[in-house]
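Bear in mind the structure is a predicted one, so any value in this text is a computation, not a measurement. Excluded from the calculations below are hydrogen atoms, water molecules and symmetry mates; all remaining heavy atoms, backbone and side chain alike, are included.
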Amino acid sequence: MFKIGDILMLEPKYTPQKEKFNCMVVEMGTGCFYTDFPSDVETGKIAFIMDGTQFNATFSNEEQAVYVFESEVLGKVKGRIPMMQLLLPEAETRLDVTLDTAIHSEHSEFPPFRVLTEDISAGGASIRLLKGTAIQLVSQLYLWMALPLKSGEIHYLRLKSKVIRVTEKEQGNMLLHVQFLEPTKNDVQTLMRFIFEKQVDLKKKGLHV
């Protein structure tokens, strides 16, 4: 996802102030990573972020693709330099969830139709297709979906998607696997927030994700 030397921007999730901090990845660990102490983007001053603070982290790779993920401060470590220990997110968290979704073709190859998701991640989704669903073999399509968040907001996403493969399920039904192409930073952030909130709900109910 990222490597030593990459610069991350941290935005605390549950503070009234709109604070932003920059830090550099200095070490990688098992299930965690380490950064130097962050500095305030506006003032440039070193900031002390409390253990347990949750935030959204943003970084971009060499191709200038922007990635957003959620993390948490696990602690402080005294090494050759003072370091902050952070939770390392899984490369891609998939959530088994049924979402009402509409499939639109890119160039009117077929009329739009409604489907349900099997699972979703910030990078793609699996779509349930009923036996006999007439979908022409297209390489790209658009998914339209509404994501309800705990705040009461409903985010409507239009996600350009690449068809990866179609697999058969029981009774002749199928699964359409797609990858989201160039989702916006806001789209990725909304997807990750939705997945994170659903995972928290499942953990509270004692279920596995």
Side-chain angles (χ1 to χ4, degrees), residues 1-11 13 18 20-25 33 41 55-71 86 88-129 133 135-149 151 153-167 174-199 209:
M1 180 182 277
F2 50 82
K3 61 186 185 302
I4 292 173
D6 283 347
I7 303 298
L8 306 182
M9 186 177 73
L10 311 180
E11 298 178 74
K13 293 175 61 177
K18 292 292 182 182
K20 294 182 180 180
F21 307 99
N22 283 334
C23 61
M24 184 173 69
V25 179
F33 65 100
V41 170
F55 53 82
N56 292 316
T58 306
F59 76 99
S60 57
N61 62 13
E62 290 87 350
E63 289 78 36
Q64 299 303 307
V66 176
Y67 295 88
V68 183
F69 63 92
E70 295 186 342
S71 188
L86 306 170
L88 182 67
E90 295 180 23
E92 182 172 68
T93 303
R94 299 193 77 85
L95 178 73
D96 293 338
V97 62
T98 301
L99 286 173
D100 196 5
T101 304
I103 291 183
H104 290 244
S105 61
E106 187 178 21
H107 302 296
S108 302
E109 292 92 345
F110 54 83
F113 61 95
R114 293 175 64 179
V115 292
L116 297 175
T117 60
E118 176 91 352
D119 60 53
I120 192 169
S121 73
S126 299
I127 310 295
R128 300 173 189 170
L129 296 179
T133 299
I135 177 170
Q136 292 182 334
L137 200 60
V138 295
S139 60
Q140 294 182 9
L141 45 81
Y142 287 91
L143 296 186
W144 296 56
M145 61 178 63
L147 298 183
L149 301 178
S151 62
E153 303 170 88
I154 298 178
H155 286 255
Y156 297 92
L157 304 186
R158 178 178 180 268
L159 297 162
K160 186 176 182 178
S161 304
K162 175 184 178 181
V163 175
I164 303 299
R165 64 186 181 279
V166 177
T167 57
M174 299 173 290
L175 269 185
L176 171 67
H177 305 272
V178 301
Q179 174 189 350
F180 301 144
L181 294 177
E182 301 173 0
T184 66
K185 177 182 172 181
N186 284 341
D187 287 344
V188 173
Q189 209 157 5
T190 300
L191 284 161
M192 293 192 71
R193 182 178 166 191
F194 173 78
I195 291 168
F196 182 76
E197 289 180 355
K198 289 292 184 185
Q199 287 178 321
V209 294

Revision key, fill the gap. Exactly one candidate in Tyr142, Trp144, Phe113 meets ring-ring contact (aromatic ring centres under 6.0 Å, His included) with His104; the answer is Trp144
Check your understanding: When rounded to the nearest 0.5 angstrom, what distance separates CG in Leu99 from CD1 in Ile127?
Key -> 8.5 Å
Point to revise | ring pair (Phe, Tyr, Trp, His ring centres under 6.0 Å) partners for Phe33, two or more places apart | key: Phe2
Practice item. Begin with the C-alpha distance, continue with both residues' side-chain angles, and end with the deciding distance and a verdict on side chain to side chain contact (heavy atoms under 4.5 Å, CB included) for Met174 and Thr167. Key: CA-CA 6 Å; Met174 299 173 290; Thr167 57; over 6 Å; no
**Study point:** Distance (rounded to the nearest 0.5 Å) between Ile120 CD1 and Glu118 CD
**Key:** 12.5 Å
**Study point:** Test item: Met192 and Ile195 side chains (from C-beta on) under 4.5 Å apart, heavy atoms
**Key:** no
Point to revise | Side chain Thr101, main chain Met145, donor-acceptor under 3.5 Å | key: no
Revision key, fill the gap. d(Leu95 CG, Leu191 CG) to nearest 0.5 Å is 10.5 Å
Review point. Do the side chains of Val25 and Phe59 get nearer than 4.5 Å, heavy atoms only?
Key: no
Study note, to complete from the structure: In this structure, CG of Asp100 is separated from CG of Leu116 (nearest 0.5 Å) by 6.0 Å
Review point. Thr117 versus Leu143: any side-chain heavy-atom pair under 4.5 Å?
Key: no
Review point. Between Ser161 and Leu159, is there a donor-acceptor pair closer than 3.5 Å when you use the side chain of the first and the backbone of the second?
Key: yes
Exercise for review: To the nearest 0.5 Å, tell me how far His177 NE2 sits from Arg165 CZ.
Suggested key: 4.5 Å
**Study point:** Minimum heavy-atom distance Ser71-Leu86, with the two atoms named
**Key:** OG-CB, 3.9 Å
Practice item. Could you check if a side-chain atom of Arg193 sits within less than 4.5 angstrom of a side-chain atom of Asn56, using non-hydrogen atoms only? Key: no
Practice item. Measure the CD-CD distance between Glu109 and Gln140 for me, rounded to the nearest 0.5 Å. Key: 10.0 Å
Practice item. State, to 0.1 Å, how close Leu149 and Thr190 come at their nearest heavy-atom pair, and which atoms those are. Key: CD2-O, 4.5 Å
Check your understanding: Does a side-chain heavy-atom distance below 4.5 Å link Val188 with Phe180?
Key -> no
Exercise for review: Walk me through it: do Leu176 and Ile103 pass the test side chain to side chain contact (heavy atoms under 4.5 Å, CB included)?
Suggested key: CA-CA 11 Å; Leu176 171 67; Ile103 291 183; 4.0 Å; yes
Practice item. Compare every heavy atom of Ala57 with every heavy atom of Leu10, then report the nearest pair and how far apart it is. Key: CD2-CB, 3.8 Å
**Study point:** Exceeds 12 heavy-atom contacts within 6.0 angstrom, atom NZ of Lys13
**Key:** yes
Point to revise | Non-hydrogen side-chain atoms of Glu106 and Leu141 separated by less than 4.5 Å | key: no
Practice item. Return yes when atom CD of Glu153 has more than 12 non-hydrogen atoms of other residues, nucleotides or ligands closer than 6.0 Å, and no otherwise. Key: yes
